[in-house]
Amino acid sequence: MVKFYIFDMDGTLCDSMTYWRGETEYVHLTTPKDADPMNSVYEHMREHYANTIILKEGVIEALKEARRQGIKCCIASATARNVSQPFLERSGLMEYMEFYIDCFEIGAFKNKPDIYLAAAERLGATVPECAVFEDAEYCAKTAHDAGFYVVGVYDRQSASEGDCSKYSDMYIRSFKDFKGVNDK
């Protein structure tokens with residue numbers, strides 16, 4: 001039985017992937033060769049997180065239901081917390097989360113299961129007790145291959161780059177339709 005939810009943030013809980021794609025394409029085209037292009041991307045993304053990016057429809061209701069069911073939740077993101085902090089504060093997401101960890105803190109990206117394993121450990125959970133929510137195909141595959149229950153979440157931008165449903169035990173197009181992993 002699943003007792004813990006590990007959420008990706010970008011493309012899963014919020015509509016941010018279009019901004020990430022736009023910023024990385026623009027910066028790589030305009031940044032001088034001797035500058036670190038990611039510093040500019042992070043600066044622009046902090047502004048988007050502070051002012052523009054929104055939660056996906058139904059997220060807060062799904063988190064309230066998870067809390068009602070006694071399911072503990074966390075965020076395991078590829079985005080450094082210092083970049084997403086304005087959004088976390090504005091959206092109220094952290095009210096429902098035990099913690100936020102990111103790939104920079106862990107020292108590995110999501111092509112390795114380290115962040116999911118660290119999240120499970122910090123939650124005090126075993127792998128079979130956790131559901132990982134992901135929108136990106138390679139992330140869903142990583143979590144699936146590590147033995148996690150995977151909930152694939154549709155994201156228009158991510159779907160154009162791969163099909164996370166191939167590695168998902170459950171696939172949702174919207175959190176409005178999500179009733180919980182144990183209530184299939």
Side-chain angles (χ1 to χ4, degrees), residues 5-67 71-111 115-116 118-119 122 132-140 143 151-162 164 171-178:
Y5 290 169
I6 300 170
F7 290 96
D8 169 55
M9 189 180 65
D10 296 293
T12 299
L13 294 174
C14 64
D15 284 320
S16 56
M17 294 310 295
T18 302
Y19 296 100
W20 275 108
R21 299 294 182 252
E23 289 299 333
T24 54
E25 288 174 18
Y26 173 77
V27 165
H28 288 293
L29 292 174
T30 61
T31 303
K33 290 190 188 296
D34 61 342
D36 180 359
M38 290 311 290
N39 286 335
S40 181
V41 169
Y42 296 148
E43 183 179 314
H44 288 142
M45 285 305 299
R46 266 189 221 95
E47 291 174 26
H48 290 301
Y49 282 120
N51 302 306
T52 316
I53 293 169
I54 60 171
L55 285 171
K56 288 192 169 197
E57 194 173 9
V59 165
I60 294 297
E61 293 77 10
L63 292 172
K64 285 179 180 178
E65 180 59 21
R67 178 177 281 167
I71 294 170
K72 291 186 177 184
C73 302
C74 72
I75 296 175
S77 180
T79 301
R81 183 167 185 152
N82 68 326
V83 175
S84 64
Q85 188 64 36
F87 175 73
L88 297 172
E89 291 170 5
R90 186 171 54 85
S91 69
L93 265 180
M94 293 311 295
E95 176 184 334
Y96 303 95
M97 302 296 169
E98 299 296 310
F99 55 86
Y100 179 110
I101 60 173
D102 61 58
C103 290
F104 298 94
E105 176 184 344
I106 299 303
F109 287 98
K110 290 185 174 181
N111 59 335
I115 193 165
Y116 307 119
R122 194 178 290 180
V132 171
F133 292 71
E134 277 289 357
D135 64 301
E137 179 181 7
Y138 83 96
C139 300
V151 178
V153 179
Y154 173 78
D155 180 73
R156 183 175 42 89
Q157 181 70 40
S158 300
S160 69
E161 298 169 7
C164 73
Y171 185 75
I172 60 172
R173 291 195 59 84
S174 169
F175 278 98
K176 290 185 322 183
D177 306 322
F178 181 69

### Query
Parallel, tilted or perpendicular for F133 and F175, by the 30°/60° rule?
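Aromatic pair F133/F175 classed parallel.
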#### Entry: Geometric class of the Y49/F87 ring pair [parallel <30°, tilted 30-60°, perpendicular >60°]
tilted
Donor-acceptor under 3.5 Å ([X] side chain, [Y] main chain):
X    : Y    : answer
R90  : A50  : yes
R46  : N82  : yes
S158 : A136 : no

### Message
For a side chain to side chain contact (heavy atoms under 4.5 Å, CB included) check, start with the C-alpha distance between V151 and Y5, then their side-chain angles and the critical distance, and finish with the verdict.
### Response
CA-CA 10 Å; V151 178; Y5 290 169; over 6 Å; no
Locate the shortest heavy-atom distance separating [X] from [Y]; write the atom from each residue and the value.
X    : Y    : result
F99  : A119 : CZ-O, 3.6 Å
T79  : S84  : CG2-CB, 4.0 Å
G11  : S16  : N-OG, 3.8 Å
I60  : S91  : CD1-O, 4.3 Å
Y100 : M9   : OH-CE, 3.9 Å
D8   : D10  : OD2-O, 2.8 Å

Would you say that [X] contacts [Y] through its side chain, given a criterion of any heavy-atom pair below 4.5 Å between the two side chains?
X    : Y    : result
E95  : L63  : no
V83  : D102 : no
L93  : V59  : yes
D177 : I172 : no

### Task
Test ring pair (Phe, Tyr, Trp, His ring centres under 6.0 Å) on Y171 and F178 and set out the steps.
CA-CA 9 Å; Y171 185 75; F178 181 69; over 10 Å; no
### Message
If you count every heavy atom of other residues, nucleotides or ligands that lies below 6.0 Å from E47 atom CD, does the total exceed 12?
### Response
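Counting neighbours around CD of E47, more than 12 heavy atoms of other residues, nucleotides or ligands fall under 6.0 Å, so yes.
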### Query
Would you call K110 and E134 a salt bridge, using N to O less than 4.0 angstrom?
yes
#### Entry: D155 and K56 ion-paired at < 4.0 Å
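Salt bridge present between D155 and K56.
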#### Entry: Spacing of CD belonging to E89 relative to CD belonging to Q85, to within rounding of 0.5 Å
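The CD atom of E89 sits 4.5 Å away from the CD atom of Q85.
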